[in-house]
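Scope of the values below: all heavy atoms of this structure, side chains included, with no hydrogens, waters or symmetry mates. To find a chain, count down the sequence lines: A is the first, B the second, and so on, and within it residues start at 1.
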Amino acid sequence: MLSKVRSTAQECLADVPDGATVLVGGFGMAGMPSELIDALIAQGAKDLTIVSNNAGNGTVGLAALLKAGRVRKVICSFPRQTDSFVFDELFRAGRIELELVPQGNLAERIRAAGAGLGGFFTPTSYGTPLADGKETRVIDGRGYVLDYPIKADYALIKAHLADRWGNLVYRKTARNFGPIMAMAAKTSVVQVDRIVELGELDPEVVVTPGIFVSRVVALGAAHPTTEAAA
Amino acid sequence: MLSKVRSTAQECLADVPDGATVLVGGFGMAGMPSELIDALIAQGAKDLTIVSNNAGNGTVGLAALLKAGRVRKVICSFPRQTDSFVFDELFRAGRIELELVPQGNLAERIRAAGAGLGGFFTPTSYGTPLADGKETRVIDGRGYVLDYPIKADYALIKAHLADRWGNLVYRKTARNFGPIMAMAAKTSVVQVDRIVELGELDPEVVVTPGIFVSRVVALGAAHPTTEAAA
Amino acid sequence: MTYVPWTREEIAKTIADDIWDGAIVNIGIGMPEMVAGFLPADKEIILHSENGLLGMGPAPAADAVDPELINAGKQPTTVLPGACFFDHATSFAMMRSGRLDIAIMGAFQVSEHGDLANWSTGKPGAIPAVGGAMDLAAGARQVFVMMDLLTKKGESKLVPECTYPLTGLACVTRIYTDLAVFDVTPKGVSVRARVEGLSLDALQGLVPVRLAEGI
Amino acid sequence: MTYVPWTREEIAKTIADDIWDGAIVNIGIGMPEMVAGFLPADKEIILHSENGLLGMGPAPAADAVDPELINAGKQPTTVLPGACFFDHATSFAMMRSGRLDIAIMGAFQVSEHGDLANWSTGKPGAIPAVGGAMDLAAGARQVFVMMDLLTKKGESKLVPECTYPLTGLACVTRIYTDLAVFDVTPKGVSVRARVEGLSLDALQGLVPVRLAEGI
């Protein structure tokens with residue numbers, strides 16, 4: 001019997017090795033897999049490459065992982081925020097590497113890994129400093145930059161509901177990077193508000209097919225849980 | 001007020017010019033926009049390039065369009081079927097051009113157009129005769145073929161429900177090429193079973209956001225219409 | 001002659017009035033956010049939020065905030081009837097494939113060719129951050145820039161060539177400033193409107209780019 | 001010694017028995033379709049249909065046919081609890097990114113390196129058609145081929161190099177035939193099973209590829 005359900009966040013992340021590349025979902029706090037990040041901090045893997053839209057806020061979640069000195073490199077689109085002081089300090093001290101990627105190229109590079117592609121030509125960043133050193137090409141009169149997939153060992157994702165095959169539905173704008181990160185990682189780990197019985201999710205409304213999901217763990221909701229909201 | 005709703009299939013296709021590239025959805029009869037194809041036949045545009053998974057069955061739909069001598073070229077993955085005699089005859093007579101594309105590369109090339117990419121490296125077809133004459137590259141030890149987007153002037157699609165903004169949901173395996181074809185065409189025309197009020201489609205379950213849809217027309221269902229099936 | 005620059009509210013209202021019925025619009029973070037408050041009620045304008053929402057509504061009441069329903073500025077938002085959610089790949093596919101009618105963005109500089117610089121001052125030691133600016137620049141059919149025409153030091157931000165790091169090439173189609181509104185055309189920069197009391201000659205005196213009217 | 005070739009049912013059952021619990025499998029059109037009938041009830045095996053369905057069930061009763069619920073062979077099908085629908089780009093992304101455990105396909109020829117030829121005989125005048133065969137070959141983690149070992153003329157279909165047009169390079173991992181089952185390994189072709197009464201030497205006599213056992 002196929003079951004991707006695990007009991008704890010710890011169990012989901014026990015095998016993350018040092019040096020792993022880890023995709024971390026979320027845009028702002030929406031879709032941020034906070035409990036999985038906490039479990040990763042507790043687990044102890046170091047020398048990580050973290051791929052996420054931002055580079056941590058305040059002193060919790062990603063920022064806490066960075067603060068613990070466990071991240072070698074961050075690949076993101078927008079590390080600079082009013083409360084990104086943990087990253088700022090590490091970056092200014094030269095203690096963390098940054099690869100800055102335009103948000104849409106970041107999404108497409110993650111998606112390309114999940115689609116098994118070797119690379120793609122994107123118009124975004126053509127003619128800008130973020131294309132420096134990259135291969136470019138004019139196709140049909142328009143300039144493009146060659147970008148490569150971001151393949152990852154793990155993805156940490158937050159979704160709304162899952163079944164034991166790993167089928168997922170998300171909630172509102174918490175969907176953001178979840179579907180593409182699930183596709184792109186060898187092992188995709190998903191924290192959900194609730195596990196439902198197989199067959200409870202309408203086959204028409206599943207957003208991430210279970211084939212892209214390795215492990216799911218129910219950790220409760222971080223949003224209003226009225227019936228209307230669910 | 002934004003409304004993509006049109007009254008007739010004819011109205012949806014009145015402006016198709018000679019020489020247009022037209023994406024036609026469907027896999028087998030599931031998702032086949034038969035009434036739109038009939039309207040295209042009636043409309044009279046010729047010298048068309050048709051992009052579809054197959055090249056017509058029997059004497060109706062795509063086969064009828066081909067039979068009417070209106071198609072210059074077919075781009076598809078599987079033209080040879082037990083009842084594809086119309087295509088077979090035109091092809092053997094040298095009266096129609098065929099570009100054969102593996103099914104997944106066909107889907108990805110359509111999707112690439114819809115995602116505004118200039119091209120992508122795919123592992124599929126590497127080392128085979130279908131890669132002859134194409135640029136190839138070994139990336140991270142694996143061989144890839146460079147494929148280009150299939151941009152189209154029109155897409156003819158069948159979905160289940162639409163609202164006036166063009167948001168779509170599909171039904172079962174009739175979804176197939178619909179979502180990516182809607183993205184890839186300058187003008188995407190969708191026949192649906194039924195138009196619903198704005199707000200009736202749950203924002204979580206819309207499959208094709210209305211932004212990718214130009215015109216919708218309600219033409220009734222070609223499947224069981226019990227409440228359970230809807 | 002003396003003249004009074006347009007206020008930010010006036011600029012925002014001008015932009016809002018220029019958006020057509022049925023347009024799909026992405027409103028950038030910062031100064032452009034003011035445009036949302038002036039969208040005319042008699043037009044149906046659909047707002048795109050690049051984190052994965054089309055059909056965005058106004059900010060919610062304080063007691064209706066949902067932490068999983070936010071906009072690209074990470075502020076709580078709402079949805080209108082007809083809205084839908086989608087993932088990041090789909091959201092940026094919308095941009096890149098030219099489905100957004102208008103993106104409204106701030107700028108450090110715009111060149112006479114429509115090159116845009118709005119993501120980095122290039123200052124050494126600054127933390128670089130780009131977000132979706134380059135994707136919007138490359139993808140939106142029209143890029144409307146909203147900015148003051150002059151820096152605090154009185155230098156024109158409309159320039160022959162940008163000196164700040166570029167966001168995108170030849171992407172800006174219109175520039176709304178406190179002193180004038182410009183169209184960037186293949187034939188050059190055309191003055192679409194000026195504040196009352198500011199002559200074309202006087203405006204030309206402020207801007208090191210050849211200006212004309214009615215191009 | 002005499003021997004009786006395995007029937008197609010026997011081959012199909014052997015394949016079905018080799019599929020592990022929880023495996024995600026794409027069953028190709030033609031001879032492989034028989035495998036579906038032998039899937040063991042005590043294992044949960046998830047079937048992928050490349051037209052956009054995971055969790056495919058058995059064929060429906062005649063009165064429960066839905067023309068919008070079909071499999072890759074364009075035949076009516078059903079869904080199991082846990083199934084989901086998706087578009088073609090997603091379906092083939094699953095293949096290309098290595099999420100399918102097994103694809104079962106027919107073949108004209110397989111080379112000792114695992115090269116597969118199954119889409120075209122290269123005959124001039126034939127209508128070429130490829131469908132999803134090349135995508136499955138390039139993407140599935142394991143490709144199981146189901147075929148007769150010999151052509152009607154008695155020529156081996158397991159060959160040093162394919163002479164028919166290729167579907168994919170070095171993709172086949174196991175070959176199920178009417179006379180033997182082979183593993184394609186980096187060290188060569190290993191005989192996994194033979195029909196009773198067919199010695200390794202006799203099998204080697206039929207196949208122009210060096211065979212071994214237990215590689």
Side-chain angles (χ1 to χ4, degrees), chain B residues 27-32 53-55 57 76-81 84 87-88 91-92 98 100-108 110-112 114-115 122-131 142-143 158 160 170-181 183 207-208 221-224 229, chain D residues 29 49-53 56 63-79 83-98 115-117 119-120 122 125-139 162 164-171:
Chain B
F27 179 89
M29 287 311 290
M32 183 62 62
N53 192 62
N54 303 105
N57 301 79
C76 76
S77 87
F78 209 85
R80 188 185 63 225
Q81 302 192 270
S84 58
F87 173 83
D88 296 4
F91 183 75
R92 292 220 165 83
L98 169 67
L100 190 72
V101 183
Q103 197 168 337
N105 286 356
L106 182 68
E108 196 65 17
I110 294 167
R111 193 256 171 202
T122 174
T124 301
S125 83
Y126 183 78
T128 79
L130 293 191
R142 186 169 192 194
K158 184 177 190 315
H160 181 38
Y170 299 83
R171 199 172 161 279
K172 304 190 180 185
T173 56
R175 187 182 305 194
N176 58 65
F177 283 93
I180 51 175
M181 287 184 170
M183 295 170 71
V207 173
T208 293
H223 58 78
Chain D
I29 298 165
S49 187
E50 64 263 34
N51 54 321
L53 169 58
M56 183 166 59
D63 61 353
V65 167
D66 182 334
E68 295 193 331
L69 180 50
I70 61 173
N71 64 21
K74 291 166 188 160
Q75 299 305 309
T77 189
T78 55
V79 295
C84 61
F85 298 111
F86 36 83
D87 69 26
H88 254 67
T90 305
S91 186
F92 286 82
M94 292 174 185
M95 291 183 199
R96 256 186 262 103
S97 65
D115 297 347
L116 172 66
W119 71 283
S120 165
I127 309 275
V130 65
M134 288 189 180
D135 304 279
L136 286 161
C162 295
Y164 286 125
L166 287 183
T167 304
L169 294 173
C171 54

Do you know which of Pro102(B), Ser125(B), Cys76(B), Ala107(B) has the most heavy-atom pairs under 4.5 Å to chain D?
-> Pro102(B)

Who wins among Leu100(B), Leu106(B), Thr122(B) for the most heavy-atom pairs under 4.5 Å with chain D?
-> Leu100(B)

Heavy-atom distances under 4.5 Å only: say whether [X] touches chain B with side chain, backbone, both or neither.
X	answer
Asn71(D)	backbone
Thr90(D)	neither
Ala126(D)	backbone
Phe92(D)	side chain

Could you tell me whether the side chains of Lys74(D) and Asn54(B) share a donor-acceptor contact shorter than 3.5 Å?
-> yes

Does any backbone or side-chain atom of [X] lie under 4.5 Å from a heavy atom of chain D? Answer side chain, backbone, both or neither.
X	value
Phe87(B)	side chain
Leu98(B)	side chain
Val101(B)	backbone
Phe91(B)	side chain
Ser84(B)	neither
Arg111(B)	side chain

I'd like to know if the side chain of [X] and the backbone of [Y] have a donor-acceptor N/O pair within less than 3.5 Å.
X	Y	value
Asn176(B)	Ala30(B)	yes
Ser49(D)	Ala72(D)	yes
Asp135(D)	Gly104(B)	yes
Thr173(B)	Ile70(D)	yes
Arg92(B)	Gly125(D)	yes

Among [options], single out the residue with the greatest number of heavy-atom pairs under 4.5 Å to chain B.
options	value
His88(D), Met95(D), Arg96(D)	His88(D)
Gly132(D), Gly52(D), Cys84(D)	Gly132(D)
Ala138(D), Ala129(D), Pro128(D), Ala89(D)	Ala129(D)

Are Lys172(B) and Glu68(D) close enough for a salt bridge, meaning some N to O gap below 4.0 Å?
-> no

Salt bridge or not for Arg80(B) and Asp88(B), using N-O below 4.0 Å?
-> no

Evaluate the criterion side chain to side chain contact (heavy atoms under 4.5 Å, CB included) for residue pair Leu116(D) and Leu166(D); output intermediate values, then yes/no.
-> CA-CA 6 Å; Leu116(D) 172 66; Leu166(D) 287 183; over 6 Å; no

Do Phe86(D) and Val207(B) have side chains that get closer than 4.5 Å, going by heavy atoms?
-> no

